[in-house]
2 protein chains.
Amino acid sequence: MILEGELPLGGVVNEVVIAQRFNVSRGPVREAVQRLQGLRLVTREPYMRARVVSLSTRDLVEIFQLREAVEGMACRLAADAMSDEALAALMKELEETRRAGLNAYQPEGGPFDLHQRIALACGNERIRHLLAEELYHLLRLYRRRSGAMPGRREQAFDEHWQIVRAMFNRDPDLAESLMRSHISRATAALIASMERKEVSTEPEAPDAA
Amino acid sequence: MILEGELPLGGVVNEVVIAQRFNVSRGPVREAVQRLQGLRLVTREPYMRARVVSLSTRDLVEIFQLREAVEGMACRLAADAMSDEALAALMKELEETRRAGLNAYQPEGGPFDLHQRIALACGNERIRHLLAEELYHLLRLYRRRSGAMPGRREQAFDEHWQIVRAMFNRDPDLAESLMRSHISRATAALIASMERKEVSTEPEAPDAA
DNA sequence: CTCGACCTTAGTGTTGACACTTGCTGTCTT
DNA sequence: AAGACAGCAAGTGTCAACACTAAGGTCGAG
């Protein structure tokens, strides 16, 4: 419901309503909400209503800093762990997406997401979970609100290409460095974009009447 | 109960027993266990009993790889975010611990834990939570079982000193690099130690009769 | 007219009981 | 004697109801 936009960003989460919405009792809903709290998708304080995260600029920058570190390490590990065949397949898919994708690109779950693929292939289950389960949903949530920024797609393709090339050459140091630069640039573009059009992540102007 | 050793490493977690142990119903116990599952301290599969993690060598290596990436980033951020006064205090405390601590060192929660201090001071709430809340408990759990390895303490002190010095000089690149090397060395020592005395983290030899 | 205390109400925290699944054990069949 | 099937017990998943808390509204006093 959060990812589908059925629950607005700063909105409150009413356990009873959710329970009726799914024809279930409050118990399972409580457990689900607590798992979402574990994933930092909702915040909660004792006896207060649970709220969907608001995704402030600061939150996004923090997430991107964490991604820079962890995805860099995932890239390093994957450069060692992936087989030659898997790397070749990765390059092939990337090239296909580049050719076909510039006009018709399915944003839904992505037919090809390099970051996701690297996280899945890095061989470290804990890192995989952090990137592919915990942070992935937050990024989807953000992208859904504020669309991609123009012009960065082609640049991102080039950077992806260099990353995969470094992995193919079995150069973990370079692969990690390139991935970190890639995410760092994305962070800078993000900050610039946010500052330009102070996107309304505010829940709703309270505006006490 | 897990950290105190009251629940053995591979042991099962019985909700009813825990509930009676704390004079409470099963509801709160379920929620607590689910939070522990979120912290990867217990594993769970549908309708099966919950089990305390077993902390295999592979798990520890994965945790240390993650720490290398994230603590490195935390160190970089802290080198920018911390005030001169805070850094000076950190150096002072480190020196005092070195002088007084070589014989009488309180392992309980630590009067001075550089890694913890950096995590708290890095200014990134998400990284702080990951290091100081999620991974910290797992490391405590591990250290409780397998004591520190001899000889590495003095070396660790030197490495800590260099790290703080780089932070004091406002050199984030160096600080991150030193922290990563520090953790990487600890990982190597850990692996060597584990291979030497295949520590019995196994729950119990099932040994089907 | 404004401010503060009381009350109402929506919503969360907790409880005890019931339904369902799982693994074992004992017995039966081949 | 070995394998399989039914019954049993332990434990988890779910539910509806009760206790408690915090916010919003109302009434009265200054």
Side-chain angles (χ1 to χ4, degrees), chain A residues 1-56 129 133-134 137 141 201-209, chain B residues 1-56 129 133-134 137 141 201-209:
Chain A
M1 288 176 71
I2 294 176
L3 260 48
E4 300 295 331
E6 198 163 339
L7 286 175
L9 267 196
V12 298
V13 179
N14 188 329
E15 294 179 355
V16 180
V17 173
I18 310 273
Q20 292 170 348
R21 166 80 167 66
F22 287 98
N23 282 330
V24 85
S25 172
R26 268 183 55 218
V29 174
R30 270 181 79 81
E31 305 201 346
V33 171
Q34 270 197 346
R35 282 219 278 264
L36 262 45
Q37 183 185 10
L39 302 189
R40 304 285 183 294
L41 268 169
V42 308
T43 60
R44 218 146 124 104
E45 36 226 297
Y47 283 107
M48 299 286 229
R49 300 164 185 77
R51 285 183 170 280
V52 182
V53 294
S54 61
L55 279 190
S56 67
H129 187 273
E133 307 284 330
E134 301 191 25
H137 296 309
L141 184 57
T201 48
E202 323 287 332
E204 206 85 7
D207 193 11
Chain B
M1 288 175 71
I2 293 176
L3 260 47
E4 299 295 332
E6 195 163 342
L7 286 175
L9 266 197
V12 298
V13 179
N14 188 328
E15 295 179 354
V16 180
V17 173
I18 309 273
Q20 291 168 349
R21 167 81 166 66
F22 287 99
N23 282 330
V24 83
S25 173
R26 268 185 55 217
V29 174
R30 272 181 77 82
E31 305 202 346
V33 171
Q34 269 198 349
R35 282 220 279 263
L36 262 45
Q37 183 186 9
L39 301 189
R40 305 283 182 294
L41 268 170
V42 307
T43 60
R44 218 146 125 102
E45 36 225 299
Y47 282 107
M48 300 287 230
R49 300 162 185 77
R51 284 182 172 281
V52 182
V53 295
S54 59
L55 277 192
S56 66
H129 186 273
E133 307 283 332
E134 301 191 25
H137 297 309
L141 183 56
T201 47
E202 323 287 331
E204 207 86 8
D207 195 10

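All heavy atoms count here, side chains included; hydrogens, waters and symmetry mates do not. Numbered from 1 within each chain, the chains take letters A, B, ... in sequence-line order. The shown structure was predicted, so the numbers you read here are calculated from the model rather than taken from an experiment.
- When the C1' atom of C:dT12 is taken as reference, atom CD of B:Glu31 falls 10 Å away, rounded to whole Å.
- Classification of B:Arg35 and B:Glu134 as a salt-bridged pair fails, no side-chain N sitting under 4.0 Å from a carboxylate O.
- Between A:Glu15 and A:Arg44, at least one side-chain nitrogen of the basic residue sits less than 4.0 Å from a carboxylate oxygen of the acidic one, meeting the salt-bridge criterion.
- Residue A:Val13 is in sugar-phosphate contact alone, with no base atom involved, counting any heavy-atom pair closer than 4.0 Å across all strands shown.
- Counting to the nearest Å, the P atom of D:dT12 and the CD atom of B:Gln37 are 13 Å from each other.
- In this structure the side chain of B:Leu41 never reaches within 4.5 angstrom of the side chain of B:Gln37, judged on heavy atoms.
- Here the P atom of nucleotide D:dG11 and the CZ atom of B:Arg51 are 13 Å apart, to the nearest Å.
- Minimum atom distance to the side chain of B:Met48 is reached by C:dG23, of the listed D:dA23, D:dT14, C:dG23.
- A sub-4.0 Å separation between OP1 or OP2 of D:dG13 and a side-chain N or O of B:Arg30 is present.
- D:dT12 atom P lies 12 Å from atom CD of B:Glu45, rounded to whole Å.
- Here B:Arg26 does not reach the OP1 or OP2 of C:dG13: none of its side-chain N or O atoms lies under 4.0 Å away.
- Separating the CD atom of A:Gln20 from the P atom of D:dA16 is a distance of 11 Å, rounded to the nearest angstrom.
- One interatomic measurement links the two molecules: CD of B:Glu15 to C1' of C:dT15, which rounds to 14 Å at whole-angstrom precision.
- Between the CZ atom of A:Arg44 and the P atom of D:dT21 there is a distance of 17 Å, given to the nearest Å.
- With D:dG11, C:dT12, D:dA16 as the candidates, the nucleotide lying closest to the side chain of A:Ser25 is D:dA16.
- When heavy atoms are screened at a 4.0 angstrom cut-off, A:Val12 is found touching no nucleic acid atom at all.
- Taking atom CG of B:Asn14 as the reference point, atom P of D:dA9 lies 17 Å away to the nearest angstrom.
- Comparing A:Pro46 and A:Pro28 along DNA chain D, the residue whose closest nucleotide (by nearest heavy atom) sits nearer the 5' end is A:Pro28.
- Contact annotation: the side chain of B:Arg21 approaches that of B:Met1 to within less than 4.5 Å [non-hydrogen atoms, C-beta and beyond].
- A:Val29 is not listed as a side-chain neighbour of A:Val13, based on a closest heavy-atom distance of 4.5 Å or more.
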